[in-house]
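Here is the structure we will look at.
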Amino acid sequence: EKLVKEYDMKYAIHNHGPDMPKLFPTAASVWKHIKNRDTRIGFCLDVAHETRSGGDPVASIKAYGSRIYDVHLHNVKAGTPKFVAMRTPYGDLDNPAIMTALAAAGFDGVAHIEYSRDYSDNLIGLAEAMGYYLGVMQSVRAKAAMKPVPDGANTLTDAEKAEGYELLFDGKNLPTK
């Protein structure tokens, strides 16, 4: 907390699911430790681990949305604490509801797409996941509830632009293509 204040930075604690019961298994377990701390201390909400722990990612986003600074998006087989990674479009999470809840909460943090399968050859699956999440973002279109983004947030460097990188989300507008 001292460093958060000294450097005026945000710090996000990741929920790790039922496999690590002493290391923040749920969003509620994170909240218990941060609720009375500086508001720059928040969550890295892993929606799959929240589901595996018996939680509801949408309910967690609604409850703690203003303190969620980072989100890990991936999909799992629900109803079991065992980690059963699913290809993103085919898992049990309701990703449109998750994205809608994030937009309604004014989420302006970072979202990481995790692809926890096929580690030796995952390019096709990862591309499929990227396309899926882009489609979900396009379907949500909840711009009105989104917070203004600080200048310089979610940008590319000149080198990244020269290499052909494009932002999927500029922090203000959902993608149109």
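Positions are given from 1 along the sequence. Only a predicted model underlies this, so the values are computations on that prediction, with no experimental measurement involved.
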Non-hydrogen atoms of [X] and [Y] that approach each other most closely:
{"X": "A111", "Y": "L73", "answer": "CB-CD1, 4.1 Å"}
{"X": "G17", "Y": "S53", "answer": "CA-OG, 3.3 Å"}
{"X": "I34", "Y": "G42", "answer": "CD1-CA, 3.7 Å"}
{"X": "V76", "Y": "A48", "answer": "CG1-CB, 3.5 Å"}

Within this structure, what is the [atom1]-[atom2] distance for the pair [X] and [Y], rounded to the nearest 0.5 Å?
{"X": "D19", "Y": "H49", "atom1": "CG", "atom2": "NE2", "result": "7.5 Å"}
{"X": "H16", "Y": "S29", "atom1": "NE2", "atom2": "OG", "result": "10.5 Å"}
{"X": "D46", "Y": "T26", "atom1": "CG", "atom2": "OG1", "result": "12.0 Å"}
{"X": "D108", "Y": "I68", "atom1": "CG", "atom2": "CD1", "result": "11.5 Å"}
{"X": "K10", "Y": "T39", "atom1": "NZ", "atom2": "OG1", "result": "8.5 Å"}

For Y11, look at atom OH and say whether over 12 heavy atoms of other residues, nucleotides or ligands are found less than 6.0 Å away.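 Incorrect, the count does not exceed 12.
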
Please enumerate all residues that pass side-chain contact (heavy atoms from CB on, under 4.5 Å) together with [X], with sequence neighbours excluded.
{"X": "E1", "result": "K5, R37, D38, I41"}
{"X": "A127", "result": "none"}
{"X": "K161", "result": "L156, D158"}
{"X": "I124", "result": "none"}

Taking the side chain as every heavy atom from C-beta outward, state whether [X] and [Y] have any pair of such atoms under 4.5 Å apart.
{"X": "P25", "Y": "P18", "result": "no"}
{"X": "P57", "Y": "T51", "result": "yes"}
{"X": "V58", "Y": "D94", "result": "no"}
{"X": "M9", "Y": "L3", "result": "yes"}

Hey, quick one: are Y69 and I61 part of the same hydrophobic cluster, counting side-chain heavy atoms closer than 4.5 Å, chains of contacts allowed?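 The answer is no; the residues belong to distinct hydrophobic clusters.
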
Is V110 reachable from V136 through a run of hydrophobic residues whose side-chain heavy atoms are each under 4.5 Å from the next?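 No; tracing contacts between hydrophobic side chains, which count when under 4.5 Å, never links both residues.
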
T88 (side chain) donor-acceptor with H74 (main chain) under 3.5 angstrom: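 Between the backbone of H74 and the side chain of T88 there is no qualifying donor-acceptor contact (under 3.5 Å).
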
Keeping the roles fixed (side chain from N122, backbone from G125), state whether a donor-acceptor pair exists under 3.5 Å.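 No, because the side chain of N122 does not come within donor-acceptor range (under 3.5 Å) of the backbone of G125.
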
Once side chain to side chain donor-acceptor pair (under 3.5 Å) is applied, do any residues pair with [X], and if so which ones, sequence neighbours excluded?
{"X": "N15", "result": "E50"}
{"X": "Y165", "result": "none"}
{"X": "H72", "result": "H14, E114"}

Could you pull out all residues at least two apart from E160 that satisfy salt bridge (Lys or Arg N to Asp or Glu O under 4.0 Å)?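 Per chain and number, E160 pairs via salt bridge (Lys or Arg N to Asp or Glu O under 4.0 Å) with no residue.
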
Report the residues that fulfil salt bridge (Lys or Arg N to Asp or Glu O under 4.0 Å) with D8, sequence neighbours left out, ordered by chain and then residue number.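 Scan of D8 (salt bridge (Lys or Arg N to Asp or Glu O under 4.0 Å), adjacent residues dropped) gives R40.
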
Residues I113, M130; criterion side chain to side chain contact (heavy atoms under 4.5 Å, CB included); working and verdict: CA-CA 8 Å; I113 296 173; M130 291 287 294; 3.3 Å; yes

L102 and I98: CA distance, side-chain angles, deciding distance, side chain to side chain contact (heavy atoms under 4.5 Å, CB included) verdict: CA-CA 6 Å; L102 286 168; I98 290 168; 4.2 Å; yes

What pairs of residues pass the salt bridge (charged side-chain N to carboxylate O under 4.0 Å, His left out) test when at least one of them lies in residues 61-78, not counting sequence neighbours?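 Listed by first then second residue: K77-D92.
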
Regarding E128 and Y90, is there a side-chain donor-to-acceptor distance under 3.5 Å anywhere?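 Y90 and E128 do have a side-chain donor-acceptor pair below 3.5 Å.
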
Only counting residues at least two apart or in another chain, list the ones meeting ring pair (Phe, Tyr, Trp, His ring centres under 6.0 Å) with Y64.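 In terms of ring pair (Phe, Tyr, Trp, His ring centres under 6.0 Å), with neighbours along the sequence ignored, Y64 is linked to W31, F43.
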
Other than M86, what residues sit in its cluster of Ile, Leu, Val, Met, Phe, Trp and Tyr side chains whose heavy atoms are under 4.5 Å apart, directly or through others?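 Grouped by the 4.5 Å side-chain rule, V84 form the rest of the cluster around M86.
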
